[in-house]
Amino acid sequence: MLEFSIWKKVWYWGLAAVLCLLAVPTLLTFTNIHLPAGVPAPKVNLGLDLAGGSRLLLEADRNQVIQQRLEGMEESVRTKLNAAQPRIAIGDVSSRGGRLTFTVRDTSQVDAAREALLPLTNGAGLTGQRDWDISVVNGNQFVLAPTDAGIDLEVSNAMDTAVEVVRKRIDALGTKEPDIRRLGGTRIDVQVPGLQDPAALKALLGQTAKLEFKMVDETASPADLAQGIAPPGDEIVPYAEGMAEGPSPVIAVKRLGGITGDQLTNAKQGFDQQNNRAVVNITFNQQGGEKFAALTSANVGKRFAIILDGKVLSAPSINEAILGGSAQISGSFTTKSATQLAIALRSGALPVDLKVVEERTVGPDLGAEAIHKGAVAMAVGTLALVLFIILTYGRFGIYACICALGINILMILGVMAVFGTTLTLPGIAGFVLTLGAAVDANVLINERIREERSKGRRVVQSVELGYKEASRAIFDANITNSIAALLMFAFGSGPVRGFAVVLMIGIVTSVFTAVTLTRMWVAGWLRKARPSDLNL
């Protein structure tokens with residue numbers, strides 16, 4: 001237990017020294033000292049409660065998810081029945097009342113239509129439940145209604161996707177360690193430390209970024225459009241503010257078909273070479289490029305609308321087929337708005353609109369006060385602990401204070417800096433708790449050494465048995481603490497997870513400093529001084 005080879009000494013002290021050095025940039029953030037440019041400086045990120053920042057509570061509309069399911073099912077129904085052999089003709093499809101209703105023109109094809117549509121109604125397959133209920137009334141009228149289980153699954157999937165899209169958009173802003181999590185069925189809580197202006201965040205997250213390319217129906221009557229009447233199979237879409245290309249503020253486009261932006265591979269802000277205005281250059285993947293080429297090839301001379309979040313940005317004519325898989329979105333963009341749109345398109349469209357139901361800005365002065373009070377509490381507690389340990393255990397108390405307190409604090413900060421961990425106010429509580437656990441480990445060791453000496457054992461043997469026997473209890477206690485920390489991290493959120501992260505890191509470093517480093521230090525002193533007794 002007290003024998004350490006040279007390579008072990010180099011490895012243990014080297015590891016401690018490196019992690020302590022990694023803590024320096026974090027400590028310097030509280031001073032006016034700055035490291036030279038180019039020097040790697042990993043730092044511990046401060047959470048919203050310490051650094052200040054913005055918090056938004058977003059909510060999705062469940063009814064919108066249902067409507068999207070109806071639209072998707074309508075297109076699937078048309079595609080399936082058109083591909084049947086022989087083709088199954090149907091009448092107009094109605095989506096009123098949250099269900100699809102249509103008639104099969106030839107009553108002799110009702111059974112064939114039902115067989116063709118049954119695969120579309122099946123669920124994910126694990127539970128055996130159906131996503132849709134299908135029924136036939138009046139002989140040839142089909143009714144497809146989404147089941148509650150299917151709706152719940154679709155809403156859950158949409159919210160999971162929305163969380164990832166929100167995370168990608170915030171990461172593109174360059175912020176550190178945002179806290180993004182679902183609350184309940186249709187809400188998302190977003191906390192971005194260090195961001196004091198929530199307006200830009202609201203603009204970015206409030207934009208669904210659903211990009212569509214749809215053909216314009218040139219036969220639509222402007223008078224009918226003004227009254228909200230669209231030809232069958234069309235939908236009326238308004239122009240975005242300042243984008244109207246004629247006297248009418250709306251336009252009629254084909255409701256089904258077209259291309260969506262979910263097949264984009266890249267989007268970036270650029271400038272139009274002709275007028276030097278800000279634009280967004282987009283690139284499709286292979287499948288999207290082929291669809292875009294087919295769409296433009298089949299409709300040369302016609303107009304197609306570029307629609308973003310239900311509003312027309314422009315409706316240019318297709319002068320020639322666009323075969324390169326790339327396109328350009330132009331409009332009244334500034335460089336900033338074009339960049340934000342590019343970020344939104346790159347991160348993907350939100351599957352459902354998100355509405356801000358609550359917003360809050362936390363000033364950095366509150367965080368500074370919390371840090372100050374936490375530092376004062378830690379300093380007072382640490383000083384009292386140091387005095388108690390040194391007065392109680394003498395030289396062994398000094399070793400405990402240097403390793404278990406001083407080096408342990410720096411190592412925790414160093415590990416957190418390497419992994420980019422966020423420190424929150426509850427994390428400071430976890431910080432203090434691990435320091436107490438580290439000192440407590442040395443108390444167990446020193447008391448066990450004292451017991452062995454009282455039994456008449458020699459100095460070296462007492463120290464060796466003291467570390468050996470006490471280490472068992474220390475490891476057992478920290479294993480249970482680690483399990484608790486892992487459970488808090490896995491099932492907790494926000495402050496609970498912040499506490500758990502610091503606690504897990506502190507458990508590892510405290511065992512290393514309290515057991516390994518102090519044992520190595522004591523072993524070196526015993527070999528050098530060869531004391532005849534211990535002052536414990």
Side-chain angles (χ1 to χ4, degrees), residues 61-122 130-148 150-151 154 210 212-238 248 250-260 291 294-295 298-299 302-305 307 309-312 315 352:
D61 185 359
R62 181 183 175 91
N63 292 328
Q64 185 185 18
V65 177
I66 297 175
Q67 184 61 35
Q68 290 174 351
R69 280 177 58 80
L70 292 174
E71 293 176 359
M73 178 57 82
E74 179 182 349
E75 190 162 356
S76 298
V77 166
R78 291 184 181 277
T79 301
K80 196 75 172 179
L81 297 183
N82 285 335
Q85 295 296 331
R87 178 178 176 273
I88 301 174
I90 62 175
D92 292 337
V93 181
S94 171
S95 60
R96 294 178 181 176
R99 59 184 185 175
L100 293 180
T101 306
F102 61 91
T103 58
V104 174
R105 298 186 188 278
D106 187 349
T107 56
S108 66
Q109 293 183 307
V110 169
D111 291 339
R114 183 181 180 87
E115 291 298 321
L117 296 179
L118 276 177
L120 299 179
T121 65
N122 292 332
R130 290 187 178 276
D131 286 348
W132 295 80
D133 288 329
I134 182 171
S135 59
V136 181
V137 297
N138 299 327
N140 65 337
Q141 186 178 38
F142 278 73
V143 178
L144 277 77
T147 64
D148 291 338
I151 293 174
E154 191 71 17
K210 182 179 180 182
E212 299 173 287
F213 298 86
K214 292 189 175 183
M215 296 306 303
V216 176
D217 188 349
E218 303 285 3
T219 64
S221 168
D224 290 341
L225 294 180
Q227 298 178 9
I229 303 174
D234 287 2
E235 63 178 333
I236 299 175
V237 184
S248 177
V250 297
I251 193 173
V253 299
K254 295 296 182 181
R255 188 163 54 88
L256 300 180
I259 302 173
T260 58
K291 287 185 177 180
L295 177 70
N299 294 281
K302 299 179 181 179
R303 298 169 65 203
F304 74 102
I307 305 171
D309 292 344
K311 295 184 178 180
V312 179
V352 62

Test of understanding: with side-chain contact (heavy atoms from CB on, under 4.5 Å), list the residues that count as partners of V136, not counting sequence neighbours.
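So V136 forms a side-chain contact (heavy atoms from CB on, under 4.5 Å) with V110, R114, F142.
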Holding to side-chain contact (heavy atoms from CB on, under 4.5 Å), I want the full list of residues that pass it with D133, two or more places apart in sequence or in another chain.
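Scan of D133 (side-chain contact (heavy atoms from CB on, under 4.5 Å), adjacent residues dropped) gives T147.
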Supply the atom-to-atom distance [X] [atom1] to [Y] [atom2], rounded to the nearest 0.5 angstrom.
| X | Y | atom1 | atom2 | result |
| --- | --- | --- | --- | --- |
| L295 | K302 | CG | NZ | 10.0 Å |
| E115 | I88 | CD | CD1 | 10.0 Å |
| L144 | I134 | CG | CD1 | 4.5 Å |
| I236 | D234 | CD1 | CG | 8.5 Å |
| Q141 | T107 | CD | OG1 | 14.0 Å |
| E154 | D131 | CD | CG | 8.0 Å |

Would you be so kind as to tabulate the donor-acceptor pairs closer than 3.5 Å made by side chains of residues 76-87, with sequence neighbours excluded?
unit_1, atom_1, unit_2, atom_2, d
S76, OG, G72, O, 3.0
T79, OG1, E75, O, 2.9
N82, OD1, R87, NE, 3.1
N82, OD1, R87, NH2, 3.2
N82, ND2, R78, O, 3.0

Give the minimum heavy-atom separation between [X] and [Y], together with the two atoms involved.
| X | Y | value |
| --- | --- | --- |
| A305 | V216 | N-CG2, 3.8 Å |
| L225 | A252 | CD2-CB, 3.7 Å |
| F102 | L117 | CZ-CD1, 3.7 Å |
| P119 | A116 | CD-O, 3.4 Å |

Only one of E71, M73, Q67, R69 clears side chain to side chain contact (heavy atoms under 4.5 Å, CB included) with S95; which?
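Among the candidates, only Q67 passes.
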Has the side chain of N140 got a donor or acceptor atom that lies under 3.5 Å from a matching backbone atom of V104?
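Checked: pair present.
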So does K254 pair up with E235, basic N to acidic O under 4.0 Å?
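No, K254 and E235 are not salt-bridged.
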Would you sort out whether M215 and N299 count as a side chain to side chain contact (heavy atoms under 4.5 Å, CB included), showing the intermediate values?
CA-CA 8 Å; M215 296 306 303; N299 294 281; 3.5 Å; yes
In the structure I gave you, are the side-chain heavy atoms of R303 and I251 within less than 4.5 Å of one another anywhere?
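Yes; the side chains approach each other to less than 4.5 Å.
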May I ask you to test the I307-V253 pair for a side-chain heavy-atom distance under 4.5 Å?
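Answer yes - side chains close enough.
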